[in-house]
Each structure stands twice: as structure tokens, then as C-alpha cells.
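In what follows, every chain begins at residue 1, and chains take the letters A, B, ... in the order their sequences are listed. Source: prediction; values computed, not measured.
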Amino acid sequence: MEKKNVYDILKERGFIQQVTHEEEVRELLGREPVTFYIGFDPTADSLHVGHFLQMMVMAHMQRAGHKPIALLGGGTTMVGDPSGRTDMRKMLTLEEIQSNAEKFKVQFEKFIDFNDGKAIMDNNANWLLKLNYVDFLREIGVHFSVNRMLTAECYKNRMEKGLTFIEFNYMLMQAYDFLELYRRYGCRLQLGGDDQWSNIIAGADLIRRVESEPAYGMTFTLLTTSDGKKMGKSQAGAVWLDPNKTSPYDFYQYWRNVDDADVEKCLALLTFLPMEEVRRLGSLPGNEINEAKKVLAFEVTKLVHGEEEAVKAREAAEALFGGGGNLDMVPSTEIDKQQLGDGMNVIDLAVLTGLVPSKGEGRRLITQGGLTINDAKVDSIDRIITLDDFKDGALMMKKGKKTYHRVVIK
RNA sequence: GGGGAAAUUCCCGAGUGGCCAAAGGGGGCAGACUGUAAAUCUGUUGUCUCAGACUUCGGUGGUUCGAAUCCACCUUUCCCCA
């Protein structure tokens, strides 16, 4: 069987949103190994699921024999990308950015194979930070029409709310990155989320002007739910790839609970399952779609945290929602006997475990009948927890229908 | 540089001296219904030793018995003019 063009794979799985030169890009990708890049601005101390989608693209591309460049935005983050934002980005210090970049670096290495030059990692701080202002303006600035920039989609809503000059420059920096990567590594394709479209075409145009060489760009769908909201946001904030920020159990549960309407899309974008299987799972009727969600949760957790963690997360979920099984991975808190004393108020215990953020909320929860201890509803805010409530040294608290927390006597 | 407007609780946005922990919406949380889904309906949504007390309305200082509301200065943002 002839090898499938990676462009068609990405298209079929629903990644592709916009392409600068559709036919040319497709042909190029089918013809020769292409060096391409995706930029990641280290604005936080961990990658999140949005980044994960980009890494899936890199992985698909790498499998097809192309060479990814993971570009850390150590330089661009100093400026801040205004795209898709209504307010100004918080300014980060150089130290914060560098520390974040180090964390990103470690995470990249889990997803992309950098051995034997199969992929490249670089940081635009290496060239952006030492740029000379006037030289930059003369070499790069001349190629940008302010009139045109102002019409760019990414500045539209900022034209109403305000846009500072520093952010306005972001596009030039990113365009320059592309040029720099072209010069250093022969990179002629930039990929990114759809909110990066303006920045990407700016870079491709720059290479065409300055180097008179073809350069291309392509954007991917952003992870949104069927009703257009950003995905990867849970009540606790973003869903992080760092297990210390989002535990594998919570990560698993996030995907286990996606809307019916989003299951197929997520399977296509975030797993490597063959498309026939994705379509089959996505079209399961009614209740059966839960099987698809289990597959989704397991597969994504496996990719991000490894098979062992994924199995544990699945077991924990099955134990809680099905009964029996291994409870090791369920979020839990250890408490010693002294702390418990002669008895401890439920609310205090709930706050201690972090199940509720404050006593007020704990009271509210109990009053509304939302707290369960060992499958029995707590009906009084004065309920005292004693050693008798622990079975084999453990007690199970449940908030609402699906937030479990184990308390273990140590 | 000159003139005008604004900054409110997670977000948007009311509130112009006591009735304001602050309308309304969104979001969150919980209950009912379900399939660990969606939609819908209901309740709830600053903290605490919850009767009551305490902290909050960009910052600092004032006026007042009493301020989110008035005054001064500062910070930030937007708009108009140059």
C-alpha cells in the first residue's frame, strides 16, 4: 500500500484550518522531507492540552518523515502576543520566562523524538534578545505595511480595547523567527493554532520578499467544544500536562467527561487511533458513547502520562464509578490519628483535604445535600468524623456526583 | 502637550452618602432528571466562631456620625484635539 500523504491524514483527522498554498503544500509534503516549525511561548510553567494538540501535529509530521523544530519563545514572550486576547498580557520577567522554558523543554522531550537530528529544539531568545533596534527596523521593518497590519484579524478586537506598541511588534518578531529558522535550518513551513494565522502569513511573506524563496504556513483547529468554548479548561483552570499540576486521574476524568458531541473530534485530534475506529466510536448511539469516552480518556492519558499511569487512572475511575478495584490513584489525603483526635468536624476535614476551598462552601455543600461519606449523605454540618468512620484505615468523601477524595489514616 | 471619560466581587455590568457583601447576566458549585453526556428546572455563589462579626468596590490620604458613592493626589486605560 502506498504511503499516505501526511497532509491528507491531517485533513482527514480535522486538524487543518487554513493553508497558505493548499496544493503546493500538499505536494511538497508528499514529495520530500520538510523542515517545519511550531512556536511555543512559555507563558506558564507547564504545557497544556492546547499545546498537546500542536504536538500531535508534530508527531504526525515526524512519522511521515518530516523534521519538526520546536521553537521556544523565550524572546517573543518578552513582548507578548496580542492575538486572540482582549486584554494585555501580563508582563513576565526574563527569569520567569527562562524558568518556564526549561519546564517546556522537559515536556517536549516526552512527545517528540529529538534523537539523531530527527527534530530540533531552539529558542528565539538566542537571536531576538540581542537584536539591534535600528538594524532590525531597516532590515525587517521596511517590509511591513502598517496599513495592512491594522487590518489583520488578530488586531481587530484590540483596536477597540487598546493595543500598545510593544504588542503591535509581536507580529514582526514572529515573522523574523520564521526567516531566521529558514536561514538556519532551511525551514519553509510554519504551523500553529488558528489564532496564529496572521503571524504565520506575515513570516511566510517576509521570507518570500527577503529571500525570494517560497515559504508556507498552515493553521490547525483550536481545541474548542461544539458550542465554541475553549476546551482544556476545567473548573480548576487549565488542564495541564504536568502531573503535578493536573494529576493523571484528573486528566483522565477530564476526557472521560467530554460532551458527546466532542468525542469524535477529540479522538481524531488527540489519539492515533485509525480513523475507521474513530468514526465507529464517535457514532455509537446513546449510552454506548460512554465506551468511546473511556477509550478517549485512556488513549490521551497514555500519550501524555504513559501507559502505566493511564491504567492506574482507569482502574481508579472504574473502582469509584463501578465498584471494587484499585483505589491507589484516587486523589487522597493522609491524616494521622492525633490530627483526628476524638473526632473532627466534617467541614474541617473537607477543607483540610482541599475538597472544598472554604468552610462557608463546605456548609453550603452539606446544606444542599452534596456531600457523601462512605456512601451515606452527610445531613448535618455538625457531623463529627471519628475513627469509626474509617474502614481499613480509609474513608471516602464524595462531593456532588463525581468528585471523590479519599482520606487515609497514616 | 490640551480636553473628556473610566477603573466595582471569577468575568461582563448596575449602583452617585446610610435600605450595599453590593441589581442583572455569564461562569462556577450543588439538587432533580440522566448515561460519570447535553438540554431543562431549582437552589446557591466574600470570609469567619454565621444569632452575629469581619474584610471587599484601582492605590494613598482626607471630609462625614456614616463612603463603592464626596474631595485631593497617584496609578492605569479609553476617546477627542495637537
Side-chain angles (χ1 to χ4, degrees), chain A residues 80 82 84-91 155 157-168 224-239 249-267 281-298 300-301 313-323 325 327 329-331 344-348 350-352 354-373 375 377-382 384 396-405:
Chain A
R85 296 180 68 93
T86 52
D87 55 337
M88 189 158 118
R89 232 170 236 287
K90 188 177 152 249
M91 283 267 220
Y155 294 127
N157 53 18
R158 295 301 298 274
M159 290 310 289
E160 289 154 28
K161 297 288 269 179
L163 177 71
T164 56
F165 189 65
I166 182 173
E167 295 174 283
F168 189 59
T224 52
T225 59
S226 52
D227 48 354
K229 276 181 261 166
K230 249 189 199 162
M231 240 171 124
K233 296 278 180 194
S234 69
Q235 60 276 29
V239 177
Y249 171 80
D250 287 330
F251 188 86
Y252 179 94
Q253 280 299 311
Y254 180 82
W255 301 108
R256 177 63 187 79
N257 283 301
V258 297
D259 290 5
D260 289 7
D262 298 320
V263 175
E264 187 167 323
K265 177 177 178 176
C266 289
L267 282 165
L281 288 167
S283 58
L284 288 173
N287 192 1
E288 290 174 43
I289 192 98
N290 280 314
E291 287 313 309
K293 294 186 189 180
K294 285 180 192 167
V295 173
L296 171 67
F298 182 74
V300 181
T301 308
R314 182 173 63 189
E315 282 176 0
E318 279 169 5
L320 291 173
F321 293 96
L327 290 168
M329 282 282 282
V330 177
M344 186 184 220
N345 181 278
V346 238
I347 295 174
D348 291 327
V351 171
L352 185 77
L355 195 60
V356 294
S358 70
K359 293 191 182 185
E361 185 138 344
R363 261 182 228 109
R364 219 173 287 137
L365 181 70
I366 292 171
T367 311
Q368 298 190 128
L371 185 68
T372 307
I373 299 248
D375 289 326
K377 188 178 280 185
V378 176
D379 46 20
S380 161
I381 59 170
D382 298 319
I384 301 297
M396 184 63 76
M397 296 180 101
K398 180 167 73 150
K399 178 181 130 191
K401 270 165 255 172
K402 44 194 180 193
T403 312
Y404 289 87
H405 197 102

Considering only side-chain heavy atoms of A:K401, which listed nucleotide, B:U36, B:A37, B:U34, is closest?
B:U34
Going by purine N1 to pyrimidine N3 plus the second Watson-Crick contact, or the G-U wobble pair, all under 3.5 Å, which nucleotide sits opposite B:U47?
B:A53
Nearest to the side chain of A:N287, heavy atoms from C-beta on, is which of B:G35, B:A30, B:A38?
B:G35
How many Å lie between CD1 on A:I381 and C1' on B:A30, as a whole number?
16 Å
Distance check needed: B:A37 P versus A:Q253 CD, whole Å only.
10 Å
Flag the pair A:R314 / A:T301 as yes when at least one side-chain heavy-atom distance between them is below 4.5 Å, and no otherwise.
no
Is the backbone of A:F168 close enough, under 3.5 Å, to the side chain of A:Y155 for a donor and an acceptor to pair up by distance?
yes
When you check the phosphate oxygens OP1 and OP2 of B:G31, does a side-chain N or O of A:K377 lie under 4.0 Å from one of them?
no
Categorize A:L371 for me: base, sugar-phosphate, or nothing, with a 4.0 angstrom heavy-atom threshold over every strand shown.
nothing
Starting from the C-alpha separation in whole Å, work towards a yes-or-no answer on side-chain contact (heavy atoms from CB on, under 4.5 Å) for A:K402 and A:N257.
CA-CA 10 Å; A:K402 44 194 180 193; A:N257 283 301; 3.2 Å; yes
How long is the line joining CG of A:L296 and P of B:U36, in whole Å?
17 Å
If you assign A:R364 and A:A317 each to the RNA chain B nucleotide with the nearest heavy atom, which residue ends up on the more 5' nucleotide?
A:A317
Note: for A:N290 and A:K399 on RNA chain B, the residue whose nearest nucleotide lies more 5' is A:K399
Nearest whole Å is fine: how far is B:A30 P from A:I366 CD1?
14 Å
Can you identify which nucleotide, out of B:U36, B:A37, B:C48, has its nearest atom closest to the A:S358 side chain?
B:C48
Residue among A:I289, A:L284, A:N290 satisfying side-chain contact (heavy atoms from CB on, under 4.5 Å) with A:N287
A:N290
Short side-chain N/O contact to B:G35 OP1/OP2 from A:R256, under 4.0 Å
no
Any strand counts, and the cut-off is 3.5 Å on both contacts for Watson-Crick or G-U wobble. Which nucleotide pairs with B:G61?
B:C71
A:K402 side chain near B:U34 phosphate (N/O to OP1/OP2, under 4.0 Å)
no
Side-chain (A:N345) to main-chain (A:I347) donor-acceptor, under 3.5 angstrom
yes
Nucleotide paired to B:C78 in any strand shown, Watson-Crick or G-U, under 3.5 Å
B:G4
Under a 3.5 Å cut-off for both distances, is B:A37 Watson-Crick or wobble paired, and to whom?
none
Side-chain contact check for A:L365: nearest option of B:A30, B:G35, B:U36 is B:A30
With a 3.5 angstrom cut-off on both distances, give the Watson-Crick or G-U wobble partner of B:A21, or none if there isn't one.
none
Taking side chain as C-beta onward, heavy atoms only, is A:K293 less than 4.5 Å from A:L281?
no
What nucleotide among B:A32, B:A30, B:U36 has an atom nearest to a side-chain atom of A:Q368?
B:A30
Checking contacts here: which listed nucleotide (B:G35, B:A30, B:A38) is nearest the side-chain heavy atoms of A:D259?
B:A38
Side-chain atoms of A:K359 come closest, of B:U36, B:C29, B:C48, to B:C48
